[in-house]
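A short worksheet on the structure shown next.
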Amino acid sequence: MIKQKLIAILRQAVEDTQQQGRLPLVRLPEVSVEHPQDQGHGDYASSLPLKLARATGSKPLAIAEAIAGAIVPSPEIDTITVAPPGFINFTLKGDWLARQVDSILVADDSYGNIDLGCRQRVQLEFVSANPTGPLHIGHGRGAVLGSTLANVLAAADYSVEREYYVNDAGKQVDAFARSLLARYQQQYGKADFEMPADGYAGSYVIDLARELEGEKATILAKSETSATEYLRQLGLERMTRQIKADLEALGVTFDVWFNEQSLYDDGQYQQALSLLKEKGYIEDKEGATWFISTALGEDKDNVVVRSDGSATYFATDIAYHYNKFIERRFDRVIDIWGADHQGHVSRMKAVVGAFGIAPERLQILISQLVTLRRGEELVRVSKRSGDIITLREVIDEVGADACRFFFLSRSADSQMDFDLELAKQQSLDNPVYYVQYAHARIASILRLAEQREIDYSDGDVSRLTTEPELSLIRKMLLLPEVIEVVALTLGPHRLAYYAQELATVFHGFYTQCRVVSQDDEQLTKARLKLVAAAKIVLAKTLHLMGMTAPETM
RNA sequence: GCGCUUGUAGCUCAAUUGGAUAGAGCGCAGCCCUGCGGAGGCUGAGGUCGUGGGUUCAAAUCCCACCAAGCGCGCCA
């Protein structure tokens, strides 16, 4: 990555300056370069002299000049200038930029990959919706965030495992099973069978009961208890299958589907609580068992085992994270939760700390609320009360690509309106088509070249010298940096912005530069190489976002 | 009341985590098709960065207070 190279060059220059005695031997702040907003300032800039000014007591401009003077020439750098109040600006060489086209073509779909993660094992747990109902739009946001992050982390050389935690053991599942029995009875047995007060009122429960018509003989013959148990298994199985299918429709798959129940079956639940007890964080009081989170700086303690002996959701989550860190030994764990779990974040980190694991190894991403809108009409989504617009309906209506892009065009921690009208518009209003259109356009150019039997494999990229061409290359070179920043900040929305910028620069190039031309065969070949490289970068970006890169539209 | 998140152009959102004149898309006012896909390109107008203090060479970004919105503060998940 050119950015890293520049940083290394800068660091070397500072050391040389110090050794020559032209700069005091002070501890270096983190050496960094950034992209100036103003193109006139060059491709990269560093404010290092400004940061060194205080520690050294000299004028930033003088420091900048000393460092700039010590930079040894390199094939990448064209000019180095010093600008007030103390910036060092770098401009890249045009012929070096042009040569990167060949590098991208060689790298092909591995272009953009970086070695940030050093094969560290990262677990990404996301969606993990209760298998008591269909997924809604909020789950979709988590699913898209998670799967995109997984793609990016993998491209950044992390060893990634995607996991869905299936809550198949809690009270919610009981309520679901009892609701299902009620609907079943109402349908095929006693019409006046009452829905439980804490039941799931959604019509999908009725649909599910109808789907199980063939089981009538079995179910109606059972006692209420065993019928509930039977429906619990059956309902769980059906719901999980449906959730899996809905996620696949959105292009989201998992490596592991982890069952909550297994935490009990494998003894992890007991082990985790024993460990905390051993460390003095578990106490019995008021008839229940508590996790003493106040001992770790939390506002209040939390119940782990209810007075009736049953485990809370928090207790199994403790066991689950014990499993992640102690049992499976992940280097890092990233959980993606909905905004309604906000309050759970700090105590979960406290738990991890109590295990003796550095809490930073657990990162929790909160995805804020999504409100669904159809033009003016606002629709709030809630699983327990009545009918909902499911994720599946949204995917079917607007398409998986548009759905994914929409979720990715906002950062996770800002609330968003998902406007169905807008997302499905196949027009200028919809950036999805703009980006994919750029890819299809390139594909079309390459088809033309093929038709005319132009072999551009020997194209000479040094013919790429004009501003639109070099701008396109500059933008393509940003992909590794985007991957890096997304991996570091866990903010995949930057990909969506990058995709749009890349498409914009390409369209600009396209209108200014004829690619396949009769009058200059060499230039045609060079430009074919350029667009072929642009296609690789665009496709890579789309694929990281889990979207398709269409050849035609 | 306490905690977390958010507040930036008419609208929807960015801002490389403290850098130079705060940027995109849509919308608005105009302009560009005898060429590879016009689902495109170009120009312009539009900003007290919620408010008020503070920190420093430099603040949308960090600190404090306040205002507004959302979420949470269960022996629900």
Side-chain angles (χ1 to χ4, degrees), chain A residues 3 32-38 40-41 45-47 50-51 53-54 59-60 83-87 89 128-130 132 167 170-173 175 198 286-290 298-300 302-308 310-317 338-346 366 368-369 371 383-384 409-417 419 422 426-431 433-434 436-438 440-449 452 478 481-482 484-485 488-489 491 493-494 496-497 500-501 504 506-508 510-518 524 527-528 531 552-553:
Chain A
K3 186 178 162 189
S32 66
V33 294
E34 58 248 13
H35 298 277
Q37 314 175 18
D38 186 343
H41 291 133
S46 179
S47 57
L50 288 162
K51 292 179 172 124
R54 162 159 308 189
K59 291 208 171 86
F87 289 100
N89 296 332
S128 299
N130 278 348
T132 53
N167 291 95
K171 285 198 159 183
Q172 294 302 320
V173 188
D198 61 346
E286 298 162 29
T289 306
W290 297 70
E298 293 294 297
D299 289 345
K300 54 194 197 73
N302 299 92
V303 171
V304 285
V305 183
R306 299 185 188 97
S307 37
D308 68 1
S310 64
T312 61
Y313 143 88
F314 184 45
T316 46
D317 236 16
D340 53 339
H341 286 61
Q342 181 66 251
H344 191 51
V345 172
S346 67
I366 296 294
Q368 292 295 329
L369 203 81
T371 42
K383 201 189 297 185
R384 274 172 233 185
S409 50
R410 248 130 268 197
S411 79
D413 45 26
S414 80
Q415 287 171 235
M416 65 178 287
D417 282 353
D419 186 347
L422 183 62
Q426 310 209 350
S427 72
L428 301 175
D429 298 345
N430 196 336
Y433 295 90
Y434 180 82
Q436 291 186 322
Y437 178 63
R441 216 175 204 185
I442 295 173
S444 159
I445 297 171
L446 295 178
R447 278 194 300 272
L448 179 71
R452 299 203 183 159
L478 248 41
E481 294 179 26
V482 173
E484 183 183 46
V485 78
L488 290 175
T489 61
H493 64 282
R494 288 160 205 265
Y497 285 87
Q500 281 186 89
E501 287 167 16
T504 299
F506 171 76
H507 287 308
Y510 177 88
T511 43
Q512 290 173 78
C513 300
R514 171 83 196 176
V515 178
V516 180
S517 148
Q518 311 284 12
T524 294
R527 285 182 172 168
L528 280 169
V531 298
T552 60
M553 287 175 74

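When reading the values below, keep in mind they use all heavy atoms of this one structure, side chains included, and skip hydrogens, waters and symmetry mates.
- Not one side-chain nitrogen or oxygen of A:Arg410 sits closer than 4.0 Å to the OP1 or OP2 atom of B:rU6.
- Anti is the classification of B:rC32, since its glycosidic angle lies more than 90° from 0.
- Note on A:His493: a side-chain N or O is less than 4.0 Å away from OP1 or OP2 of B:rA15.
- Nucleic acid contact class of A:Ala438 (heavy atoms, under 4.0 Å, all strands): none.
- Of the candidates A:Ile442, A:Val531, A:Leu448, A:Val531 is the only one forming a side chain to side chain contact (heavy atoms under 4.5 Å, CB included) with A:Val515.
- Between the CD atom of A:Glu501 and the P atom of B:rU16 there is a distance of 12 Å, rounded to whole Å.
- Rounded to whole Å, the P atom of B:rA24 lies 15 Å from the corresponding atom of B:rA9.
- Comparing A:Pro36 and A:Val33 against RNA chain B, the residue whose closest nucleotide sits nearer the 5' end is A:Val33.
- Not one N or O on the side chain of A:Ser444 forms a donor-acceptor pair closer than 3.5 Å with the backbone of A:Ala440.
- Remark: B:rC2 base-pairs with B:rG72. Criterion, Watson-Crick or G-U wobble with two distances under 3.5 Å.
- When heavy atoms are screened at a 4.0 angstrom cut-off, A:His35 is found touching base atoms of the nucleic acid.
- An aromatic stack links A:His41 and the base of B:rA20, using centre distance under 5.5 Å and interplanar angle under 30°.
- Relative to the ring axis of A:Phe506, A:Arg441 does not place its NZ or CZ within 45° and under 6.0 Å from the centre.
- When heavy atoms are screened at a 4.0 angstrom cut-off, A:Ser411 is found touching the sugar-phosphate backbone but no base atom.
- In this structure, A:Ala53 reaches neither bases nor backbone, as no heavy-atom distance under 4.0 Å exists between it and the strands shown.
- Counting heavy atoms from C-beta outward, A:Val516 and A:Ile445 have side chains that approach closer than 4.5 Å.
- Checking B:rG7 for Watson-Crick or G-U wobble geometry (two distances, each under 3.5 Å) identifies B:rC67 as its partner.
- Distance from the side chain of A:Asp299 is smallest for B:rG3 among the nucleotides B:rA20, B:rG40, B:rG3.
- Here A:Gln172 does not reach the OP1 or OP2 of B:rC76: none of its side-chain N or O atoms lies under 4.0 Å away.
- In this model, a side-chain donor or acceptor of A:Asn89 finds a partner on the base of B:rA20 within 3.5 Å.
- B:rG74 atom C1' lies 14 Å from atom CG of A:Asp198, rounded to whole Å.
- When distances are taken from the side chain of A:Ser307 to each of B:rC36, B:rG40, B:rC75, the shortest belongs to B:rC75.
- B:rG74 atom C1' lies 10 Å from atom CG of A:Asn302, rounded to whole Å.
- On the P atoms, B:rU56 is 37 Å away from B:rU12, given to the nearest whole Å.
- Residue contacts shown for A:Leu448 are limited to sugar-phosphate atoms, with no base heavy atom under 4.0 Å away.
- Comparing B:rA29 with B:rG35, their P atoms sit 28 Å apart, to the nearest whole Å.
- A donor-acceptor pair shorter than 3.5 Å can be found between the side chains of A:Ser346 and A:Glu298.
- With B:rC71, B:rG41, B:rG38 as the choices, the nucleotide that has an atom nearest any side-chain atom of A:His507 turns out to be B:rG41.
- Within the nucleic acid shown, A:Met416 comes within 4.0 Å of sugar-phosphate atoms alone, with no base atom in reach, counting heavy atoms only.
- Atom name C1', nucleotides B:rG27 and B:rC67: the rounded distance is 30 Å, in whole Å.
- Checking B:rC62 for Watson-Crick or G-U wobble geometry (two distances, each under 3.5 Å) identifies B:rG54 as its partner.
- Under 4.0 angstrom from either OP1 or OP2 of B:rG37 there lies no side-chain N or O belonging to A:Tyr433.
- Contact between the side-chain N/O atoms of A:Arg527 and the OP1/OP2 oxygens of B:rC36 is not found at any separation under 4.0 Å.
- Contact annotation for A:Gln512: no contact, since no heavy-atom pair falls under 4.0 Å across all strands.
- A 3.5 Å limit on both hydrogen-bonding distances identifies no Watson-Crick or G-U partner for B:rU16.
- Looking at heavy-atom distances under 4.0 Å, A:Ala440 makes contact with a base.
- One atom, CD of A:Gln500, and another, C1' of B:rC26, lie 11 Å apart when rounded to the nearest Å.
- Of the candidates B:rA22, B:rG38, B:rC75, B:rG38 carries the atom nearest the A:Arg441 side chain, counting heavy atoms from C-beta on.
- For B:rA77, the OP1/OP2 oxygens have a side-chain nitrogen or oxygen of A:Arg306 closer than 4.0 Å.
- B:rC4 atom P lies 9 Å from atom CD of A:Gln342, rounded to whole Å.
- RNA chain B is contacted by both A:Ala45 and A:Ser444; A:Ala45 maps to the nucleotide lying nearer its 5′ end (nearest heavy atom per residue).
- Distance alone, capped at 3.5 Å, places no donor-acceptor pair between the A:Thr312 side chain and the A:Val305 backbone.
- The same atom, P, is picked in B:rU5 and in B:rC49; the two are 23 Å apart, to the nearest Å.
- Look at CG on A:Asp417: it is 15 Å from P on B:rG7, rounded to the nearest Å.
- The C1' atoms of B:rC42 and B:rC33 are separated by 13 Å, rounded to the nearest whole Å.
- As judged by a 4.0 angstrom heavy-atom cut-off over every strand, A:Lys300 is placed among residues touching the sugar-phosphate backbone only.
- Nucleotides B:rA15 and B:rC2 have their C1' atoms positioned 32 Å apart, rounded to a whole Å.
- In terms of modelled atom types and a separation under 3.5 Å, the side chain of A:Arg494 and the main chain of A:Ala496 share no donor-acceptor contact.
- If you take CD of A:Glu34 and C1' of B:rA15, they are 12 Å apart, rounded to a whole angstrom.
- In this structure B:rU34 sits in no base pair that meets the Watson-Crick or G-U test at under 3.5 Å.
- Taking atom C1' in both B:rC57 and B:rG40, the straight-line distance is 45 Å, to the nearest Å.
- Under the 3.5 Å distance criterion, the side-chain polar atoms of A:Asp308 are matched with a main-chain donor or acceptor of A:Ser310.
- For B:rU55, the glycosidic angle deviates from 0 by more than 90°, giving an anti base.
- Ring geometry for A:His344 against A:Tyr313 counts as tilted: the plane angle lies between 30° and 60°, on a 0 to 90° scale.
- For A:Ser47 and B:rG19, a side-chain-to-base donor-acceptor distance below 3.5 Å is present, hydrogens and geometry of angles not being considered.
- Checked by distance alone, A:Thr312 brings no side-chain donor or acceptor within 3.5 Å of a matching partner on the base of B:rC75.
- Judged by ring centres under 5.5 Å apart and planes tilted less than 30 degrees, A:Tyr510 fails to stack against the six-membered base ring of B:rG41.
- Remark: side-chain polar atoms of A:Thr289 are not paired, donor with acceptor, to backbone N or O of A:Val304 under 3.5 angstrom.
- You'll find that the side chain of A:Ser414 is closest to B:rA14, out of B:rG19, B:rC75, B:rA14.
- Closest contact between the side chain of A:Ala339 and the listed nucleotides B:rU16, B:rC71, B:rG38 involves B:rC71.
- Spacing between atom NE2 of A:His341 and atom P of B:rU5 amounts to 18 Å, rounded to whole angstrom units.
- Base engagement by A:Thr489 is indicated by at least one non-hydrogen atom pair under 4.0 Å involving a base atom.
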